[in-house]
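First up is the structure itself, then whatever we jot down about it.
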Amino acid sequence: MEINLNELKQNHKLDKATYKKELAKYQNRLLSLQRKIVEENIGVIIAFEGVDAAGKGGAIKRLTAELDPRGLMVYPISAPKPHEKRYHYLQRFWRKIPQYGQIGIFDRSWYGRVLVERLEGFATNEEWERAYNEINQFEKTLTDDHYILLKFWIQISKEEQLERFEKRQNDPLKSWKITEEDWRNREKWEENEKAAKEMLQRTDRDYAPWVIVEGDNKRYARVKVLKSTVNYIENYLEKTGIELPDYSLFEG
């Protein structure tokens, strides 16, 4: 995947009425597809990455809003705990892989190895360089079995990030979301972009593709995530000869 993240078109607009209509449409379709993956014993894994304040949490919230929580897990991924460092870095993700018939969503993921761990020096050059092949094989192992795997990178402009940072900092209910580390990471914008670009190029595969989401407009981004997820699961089912749900049952 060859793409310049800073040159993405961020002028997408979505009015409130259209947003609500599209949101409801694809949330209902995803719920219907959730029942289908239970019936067919298929696991779904969705990973979210992106710059700080890109809107990953908001997109995940809308993606999961209408799903049956009994078949859903959402994992917020932070720095590994001391005991986790005693294992290969992928071990803590293997332990979180959903069962067949379930959906597992990762708010940040194993890609930390080639992003933050690379940039902060927590992984040696040899470790993060070989991680590309390790990650590709990890994802191939899953998708060769009964798993659907989709990955989202949400990108916002540097100007939009600054605006969101300042809003968080000045809002007592959201100030906990902004840390000194976030401001420090912002100073490394170009380094982060370079690492992200290389990651996208070296790990975008037909069996586990990246979807780039233009995130300056939150409504547009949330609908794109939902629509892309529904379309990808539908394509998988069709390719494997599985009949799609009858959406007309709940769409007027």
Side-chain angles (χ1 to χ4, degrees), residues 1 3-8 10 46-61 74-93 96 105-132 134-135 151-203 210-218 221-222 225:
M1 175 181 291
I3 190 166
N4 188 328
L5 295 173
N6 275 339
E7 292 182 0
L8 288 176
Q10 293 282 8
I46 306 173
F48 283 82
E49 294 285 353
V51 299
D52 294 331
K56 295 181 290 296
I60 292 170
K61 182 178 180 180
V74 179
Y75 298 108
I77 301 300
S78 56
K81 303 293 189 295
H83 72 275
E84 292 174 321
K85 294 181 180 179
R86 298 199 293 263
Y87 301 90
H88 188 278
Y89 71 96
L90 285 175
Q91 187 263 0
R92 64 180 178 138
F93 299 106
K96 294 178 175 63
I105 296 177
F106 291 82
D107 185 352
R108 297 203 182 277
S109 67
W110 42 94
Y111 283 98
R113 189 66 159 187
V114 295
L115 293 172
V116 64
E117 292 184 34
R118 167 185 176 175
L119 294 170
E120 297 297 331
F122 299 141
T124 66
N125 286 354
E126 179 185 356
E127 287 172 336
W128 64 256
E129 181 65 38
R130 74 165 185 259
Y132 293 114
E134 293 170 342
I135 288 170
K151 304 171 295 193
F152 289 100
W153 177 271
I154 305 181
Q155 180 70 23
I156 57 175
S157 65
K158 196 172 183 179
E159 296 74 21
E160 178 67 18
Q161 186 190 62
L162 177 60
E163 184 177 330
R164 293 185 186 184
F165 274 16
E166 291 176 341
K167 282 184 178 179
R168 288 181 176 184
Q169 190 164 268
N170 296 325
D171 185 342
L173 296 178
K174 295 183 178 180
S175 58
W176 61 271
K177 289 186 175 184
I178 188 78
T179 66
E180 289 300 320
E181 185 178 352
D182 293 324
W183 288 106
R184 186 168 56 84
N185 287 340
R186 179 174 164 77
E187 295 175 1
K188 297 182 178 181
W189 183 274
E190 288 73 21
E191 295 173 57
N192 280 285
E193 186 196 45
K194 180 181 178 182
K197 182 178 180 181
E198 182 175 358
M199 177 200 73
L200 294 169
Q201 290 174 337
R202 298 180 65 174
T203 60
W210 280 102
V211 176
I212 308 298
V213 179
E214 303 86 345
D216 274 17
N217 185 289
K218 291 182 180 180
R222 292 164 182 171
V225 166

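Note that this is a predicted model, so its numbers are computed, not measured.
When side chains are defined from C-beta on, Arg186 counts as touching Leu162, because their heavy atoms get closer than 4.5 Å. Within the 4.5 Å cutoff, the side chain of Tyr75 has no heavy atoms near those of the Ile105 side chain. Counting heavy atoms from C-beta on, the side chains of Glu134 and His88 come closer than 4.5 Å. Counting heavy atoms from C-beta outward, Trp153 and Met199 have side chains that approach closer than 4.5 Å. With a 4.5 Å cut-off on side-chain heavy atoms, Asn192 and Val51 do not count as touching.
Under the 30°/60° scheme for interplanar angles, the aromatic rings of Phe48 and Phe152 are found to lie parallel.
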Would you mind writing out the side-chain donor-acceptor pairs for residues 76-85 within the sub-3.5 Å range, not counting sequence neighbours?
{"unit_1": "Glu84", "atom_1": "OE1", "unit_2": "Lys81", "atom_2": "N", "d": "2.7"}

Go through the steps for Asp171 and Arg164 under the test salt bridge (Lys or Arg N to Asp or Glu O under 4.0 Å), then give the verdict. CA-CA 11 Å; Asp171 185 342; Arg164 293 185 186 184; over 6 Å; no
Take Asn185 and Leu119 through the test side-chain contact (heavy atoms from CB on, under 4.5 Å) and record every step on the way to the result.
-> CA-CA 10 Å; Asn185 287 340; Leu119 294 170; over 6 Å; no
Q: Could you check Arg92 against Tyr87 for side-chain contact (heavy atoms from CB on, under 4.5 Å), going step by step and ending with a plain yes or no?
A: CA-CA 8 Å; Arg92 64 180 178 138; Tyr87 301 90; over 6 Å; no
Quiz item: Does the pair Leu200 and Leu5 meet the rule for a side-chain contact (heavy atoms from CB on, under 4.5 Å), with working shown?
Solution: CA-CA 10 Å; Leu200 294 169; Leu5 295 173; 4.0 Å; yes
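Residue pairs that meet the salt bridge (charged side-chain N to carboxylate O under 4.0 Å, His left out) test with at least one member in residues 188-198, sequence neighbours left out, are Glu2-Lys197, Arg118-Glu198, Glu120-Lys188, Lys158-Glu190, Glu198-Arg202.
Side-chain atoms of Asn6 do not come within 3.5 Å of backbone N or O of Ser157 as any donor-acceptor pair.
Salt-bridge formation is not detected for the pair Arg184/Glu180: no Lys NZ or Arg NE/NH1/NH2 atom is positioned less than 4.0 Å from an Asp or Glu carboxylate oxygen. Using a cutoff of 4.0 Å between basic side-chain nitrogens and carboxylate oxygens, Lys151 and Glu49 are not scored as salt-bridged.
The closest side-chain donor-acceptor pair between Tyr89 and Glu127, if any, does not fall under 3.5 angstrom.
Two rings, from Tyr111 and Trp210, have their centers less than 6.0 Å apart.
Applying the ring pair (Phe, Tyr, Trp, His ring centres under 6.0 Å) criterion to Trp183, with sequence neighbours excluded, gives Phe165.
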